[in-house]
Protein chains: 2
Amino acid sequence: MFSKACEYGIRALTVIAKKTEDGSKVGIKDICKASNTPESFTAKILQNLAKKDIIQSQKGPSGGFYIDRDLSEISLYDIVDAIDGPSIFFGCGLGLKECDASRPCPMHDSFESVRDDMMKMCKENDLQSLITGLNKDTYQR
Amino acid sequence: MFSKACEYGIRALTVIAKKTEDGSKVGIKDICKASNTPESFTAKILQNLAKKDIIQSQKGPSGGFYIDRDLSEISLYDIVDAIDGPSIFFGCGLGLKECDASRPCPMHDSFESVRDDMMKMCKENDLQSLITGLNKDTYQR
DNA sequence: TCTATAAAAGATATTAAGGTCTTTTATTCT
DNA sequence: AGAATAAAAGACCTTAATATCTTTTATAGA
Ligand code: FES
Ligand code: FES
């Protein structure tokens, strides 16, 4: 459904969010241990998210990643859009250049509503709600 | 959402289904022109679908692809499962080894219902319903 | 039986996703 | 100022998806 980059990104973000809630920053090594994601690859993903201002980062000793906004302001939609782009929310299910209700593909009528549900779900979920119940072995499997 | 192979596969199948409804077989060239898909790649996809008995094929003059079952018996679910496998219907949204409600990832509760909607949609749609309204320029864009 | 046709099979090529490694830059602390 | 730390940046590698090409096999029809 989502790319690996997106899966890792979301997992890493929940770890950062949790730490942010505790009032501290967290380094890439700890993030990747907790989120069970490959370190160098996840670093690239976070670099991208930092550039897009979804998260903040600080270099040097006592540096790391953190979030400077209210966690409830960062939706799953924002995250998926930042990493995988908007095509999952707007693209045609059969890969036509664009989904166009006036020239529907055979799947359009049914697909559109599933896709919209997905979008709604992603807009309703945010980092605050995602970290409720998150514990340190959630991703260890 | 779906792989290119799956998108092409579905598109090609609707073309074959339409021809089957007219009582004739159709060759790979015509299929790919009508479905607007790359020829050699689509041939591989159809080969796979023929092996899995979703479609039938006949070699030689006046040969081609066709379908020997009631079109309404072949669901989108069968097609997607045959080409992309079942992970889109059962996999964890955050990429954990398996989706397990007793050890849910942070997305589980919301994701499961969207994924189930997708599955329901795919089980409800079949080749018969997909080809209603299909015309020869549906895919030409 | 021979030829033409069309799919199957297999080999190969290209591109994008996934992943790693090394060097550079910024920052803190001594 | 200098050393240590940690992210950014960029180069590089690997694998899987996408795509093409060539050879083989089956079949219909002359
Ligand atoms: S046109 Fe294909 S999903 Fe809308
Ligand atoms: S455990 Fe992740 S979606 Fe069910």
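Excluded from the calculations below are hydrogen atoms, water molecules and symmetry mates; all remaining heavy atoms, backbone and side chain alike, are included. Order of the sequence lines fixes the chain letters, A, B, ..., with proteins taken first and strands second; residue numbering starts at 1 for each chain. Nothing here was measured: the structure is a model prediction, and the numbers come from that model.
For the pair A/Asp53 CG and D/dA7 C1', the interatomic distance rounds to 16 Å; values are reported in whole Å. A straight line from CG of B/Asn48 to C1' of D/dT18 spans 15 Å, rounded to a whole angstrom. Here the P atom of nucleotide D/dC21 and the NZ atom of B/Lys29 are 13 Å apart, to the nearest Å. The nearest whole Å value for the distance from the CD1 atom in B/Ile45 to the P atom in D/dA17 is 13 Å. In this entry the distance linking NZ of B/Lys33 with P of C/dA6 reads 11 Å, nearest Å. Per the geometry, CD1 belonging to B/Ile28 stands 15 Å off P belonging to D/dC21, to the nearest Å. Between the OH atom of B/Tyr66 and the C1' atom of C/dA7 there is a distance of 12 Å, rounded to whole Å. If you take CD of B/Gln47 and P of D/dA26, they are 14 Å apart, rounded to a whole angstrom.
One finds the CG atom of A/Asp68 at 3.5 Å from the CD atom of A/Gln56 (value rounded to the nearest 0.5 Å). Taken from OH in A/Tyr8 to SG in A/Cys6, the straight-line distance is 12.0 Å, to the nearest 0.5 Å. The structure places CG of A/Asp81 at 10.5 Å from CE of A/Met119, a figure rounded to the nearest 0.5 Å.
Counting only distance, with no hydrogens or angles, the side chain of A/Lys52 and the backbone of A/Ala82 share a donor-acceptor pair below 3.5 Å. Judged purely by atom type and a 3.5 angstrom limit, B/Asp117 has no side-chain atom pairing as donor or acceptor with the backbone of A/Val114.
Side-chain atoms of A/Ser75 and A/Asp78 form a donor-acceptor pair, as typed in the model, at a separation below 3.5 Å.
Every residue two or more places apart in sequence or in another chain that forms a side-chain contact (heavy atoms from CB on, under 4.5 Å) with B/Ser72 is listed here: B/Asp70, B/Asp126, B/Gln128. Not a single ring-ring contact (aromatic ring centres under 6.0 Å, His included) links B/Tyr66 to another residue, sequence neighbours left out. By the side-chain contact (heavy atoms from CB on, under 4.5 Å) test, A/Asp100 pairs with A/Ser102, A/Arg103, B/Arg141, sequence neighbours left out.
Here the side chains of B/Cys32 and B/Ile28 are in contact, with some heavy-atom distance below 4.5 Å.
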Item to check | A/Phe2 vs B/Leu94, side chain to side chain contact (heavy atoms under 4.5 Å, CB included): CA-CA, chis, key distance, verdict | outcome: CA-CA 8 Å; A/Phe2 303 114; B/Leu94 293 188; 5.6 Å; no
What N/O pairs connect the protein and nucleotides 18-23 of chain C at under 3.5 Å? Give each pair on its own line.
unit_1 : atom_1 : unit_2 : atom_2 : d
C/dG18 : OP1    : A/Lys4 : N      : 3.2
C/dG19 : OP2    : A/Tyr8 : OH     : 3.1

Please list, for nucleotides 27-29 of chain D, all pairs of protein and nucleotide N/O atoms separated by less than 3.5 Å.
unit_1 : atom_1 : unit_2  : atom_2 : d
D/dA28 : OP1    : B/Gln58 : NE2    : 3.0

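For the segment residues 10-24 of chain A, no residue has any heavy atom less than 4.0 angstrom from an atom of DNA chain D.
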